[in-house]
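Input: a single structure, listed below in structure tokens.
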Amino acid sequence: MIPPSTLSAFGPGKVILLGEHGVVYGYPALAAPLSIGVTATALLRAGSEEASVEVPAELRGPGRRLLVEAFDAAVRVSGAGGLRMTLDSELPPSMGLGSSAAVAVACAGALLKSRGRSAPPTVEEIARVAWEMEKVFHGTPSGIDHTTSARNQLIHFRRAADGDPSKAQVTPVTVKRPFGLVVALVGERPSTKETVAALRARQARWPERYARVFEQIGTLVEEGRGAIERGELELLGDVMDMNQGLLNALGLSSAGIEEMVHRLRAAGALGAKLTGAGGDGGAVIGLFEEADRVVTRLRRAGIKCFASRIGEAAR
Ligand code: MEV
């Protein structure tokens with residue numbers, strides 16, 4: 001008997017550098033891939049049409065059902081079959097670091113590869129299948145998370161008016177001077193879906209005032225992009241700080257997030273802000289020329305964090 005063969009695909013996690021939430025309303029955002037992420041491994045079963053996913057034991061509550069539902073949607077759109085998928089994640093879940101998008105991109109890559117075509121799947125094909133999973137996980141996300149993960153590069157992203165991520169304006173951003181981020185974990189947070197929905201309710205009640213803030217965030221995104229392209233890290237830090245102030249104004253920060261932002265600034269960050277949906281927990285990023293030594297110091301003080309380098313060759 002020929003032994004069953006396996007194949008695998010990787011999906012990186014992501015950080016939003018600038019512009020989260022505004023991006024849902026059509027304003028631009030900047031996001032970068034992390035070097036850590038999710039690996040999906042497919043055990044191929046010749047002679048079977050069935051495709052299933054092994055739900056990780058640590059996944060609790062509705063997340064278990066959602067993963068199966070999302071995976072089934074990806075199987076349908078990819079046309080794959082005859083496999084059992086396992087997942088191996090290096091990402092802390094539900095921290096705003098794109099773990100669901102990384103799962104989606106890794107599964108999409110492995111499902112498409114399993115169809116045994118001679119050419120590897122394209123970024124667009126992977127993104128299309130991953131999007132089916134993201135919709136199950138998040139409802140109506142902007143699409144920035146799985147697009148960043150599928151492209152595995154720092155991007156400037158603007159959602160299309162009809163929300164179709166294959167029509168989004170996506171431009172790679174050149175990083176003149178690579179930089180370090182400290183990614184510090186604040187703690188559990190509500191789901192992205194809930195935080196986005198709560199903001200949507202406030203925005204629907206007072207649309208003009210909220211539009212003014214989104215507009216300001218969009219302007220900061222363009223300034224931040226220029227700073228990255230010119231290697232002006234102090235300017236980028238200042239833009240990040242201001243973006244944090246506006247996220248706070250939108251009701252997306254919390255005591256824990258603010259404390260971590262101030263802690264990173266006190267540790268020498270050029271700028272610090274929440275990343276992802278925020279709400280009441282999640283992750284905070286701090287901008288440093290060199291983040292490794294800061295991480296060692298912060299860990300000694302009991303802070304859960306890791307370093308990520310932006311602008312260097314992707315994994
Ligand atoms: C989540 O990583 C980013 C948000 O802007 C939601 C989205 O873009 O779908 C909060």
Side-chain angles (χ1 to χ4, degrees), residues 11-34 37-38 66 70 91-105 127 130-151 154-170 181 183 185-186 188-203 210 213-218 220-221 224 240 243-244 246-254 257 273-285 308:
K14 67 89 191 48
V15 279
I16 297 195
L17 295 173
L18 294 165
E20 49 275 270
H21 287 285
V23 70
V24 174
Y25 298 85
Y27 296 90
L30 291 179
L34 291 168
V38 174
L66 277 184
L91 290 166
S94 303
M95 283 287 155
L97 299 176
S99 63
S100 71
V103 165
V105 165
W131 175 240
E132 296 304 313
M133 293 187 75
E134 273 291 83
K135 281 191 290 187
V136 177
F137 290 133
H138 293 306
T140 50
S142 66
I144 191 172
D145 289 11
H146 80 285
T147 305
T148 307
S149 182
R151 296 180 76 114
L154 173 41
I155 56 168
H156 176 278
F157 180 96
R158 192 193 279 269
R159 164 181 217 179
D162 66 1
D164 177 350
S166 68
K167 296 187 207 148
Q169 283 174 33
V170 185
L181 289 181
V183 184
L185 308 182
V186 175
E188 279 189 27
R189 64 178 178 98
S191 71
T192 298
K193 209 175 188 168
E194 286 169 80
T195 307
V196 168
L199 176 61
R200 164 95 51 206
R202 293 194 291 280
Q203 174 273 341
Y210 279 75
V213 179
F214 291 137
E215 190 74 50
Q216 283 293 324
I217 291 178
L220 290 175
V221 169
M240 286 169 66
N243 191 168
Q244 172 60 24
L246 295 175
L247 287 164
N248 196 348
L250 291 171
L252 297 161
S253 196
S254 68
I257 291 173
K273 63 180 277 292
L274 69 84
T275 185
D280 187 15
V284 166
I285 50 172
S308 189

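Ligands are counted one by one from 1 in listed order, and the atoms in each one are counted from 1 as well.
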(message) Between Arg189 and Glu194, does any NZ, NE, NH1 or NH2 come within less than 4.0 Å of an OD or OE carboxylate oxygen?
(response) no
(request) Say whether His21, considering both its backbone and side-chain N or O atoms, lies within less than 3.5 Å of an N or O atom on ligand 1. (result) yes
(request) Give the contacting part of Val24 toward ligand 1: side chain, backbone, both or neither, where contact means a heavy-atom distance below 4.0 Å. (result) side chain
(message) Would you compute the distance between atom CG of Leu220 and atom CE of Met240 and round it to the nearest 0.5 angstrom?
(response) 11.5 Å
(request) May I ask you to list the atoms of ligand 1 that are less than 4.0 angstrom from any heavy atom of Glu20? (result) 5 (O)
(message) Is any side-chain heavy atom of Val23 closer than 4.5 Å to one of Pro28?
(response) no
(request) Give the residue and atom name of whichever protein heavy atom lies nearest to atom 8 (O) of ligand 1, and the separation in Å to one decimal. (result) Ser142 OG, 2.6 Å
(request) Please confirm whether Ala277 comes under 4.0 Å of ligand 1, counting heavy atoms of the residue only. (result) yes
(message) Please list, in number order, the atoms of ligand 1 under 4.0 Å from a heavy atom of Val23.
(response) 5 (O), 8 (O)
(message) For ligand 1 and Thr140, I'd like to know whether there is a polar contact (N/O to N/O, distance under 3.5 Å).
(response) no
Determine all donor-acceptor pairs shorter than 3.5 Å in which one atom belongs to a side chain in residues 93-103; sequence neighbours excluded.
residue: Ser100; atom: OG; partner: Glu134; partner atom: OE1; Å: 2.9
residue: Ser100; atom: OG; partner: His138; partner atom: NE2; Å: 2.8

(message) Give the atom numbers and elements of ligand 1 that come within less than 4.0 Å of a heavy atom of Pro141.
(response) 9 (O)
(message) With heavy-atom distances below 4.0 Å as the criterion, list the atoms of ligand 1 near Asp145.
(response) 1 (C), 2 (O)
(request) Could you find the nearest protein heavy atom to atom 3 (C) of ligand 1 and give me its residue, atom name and distance? (result) Ile16 CD1, 3.6 Å
(request) Could you tell me whether the side chain of Arg200 reaches within less than 4.5 Å of the side chain of Tyr25, counting heavy atoms only? (result) yes
(message) Regarding Asp145 and Lys14, does a basic nitrogen lie under 4.0 Å from an acidic carboxylate oxygen?
(response) yes
(message) Can you tell me which portion of Lys14 lies within the under-4.0 Å heavy-atom range of ligand 1? Options are side chain, backbone, both, or neither.
(response) side chain
(message) Any non-hydrogen side-chain atom of Met133 less than 4.5 Å from a side-chain atom of Val136?
(response) no
(message) Whether the side chain of Ser149 engages the backbone of Pro12 through a donor-acceptor N/O pair (distance < 3.5 Å, no angle test) should be reported.
(response) yes
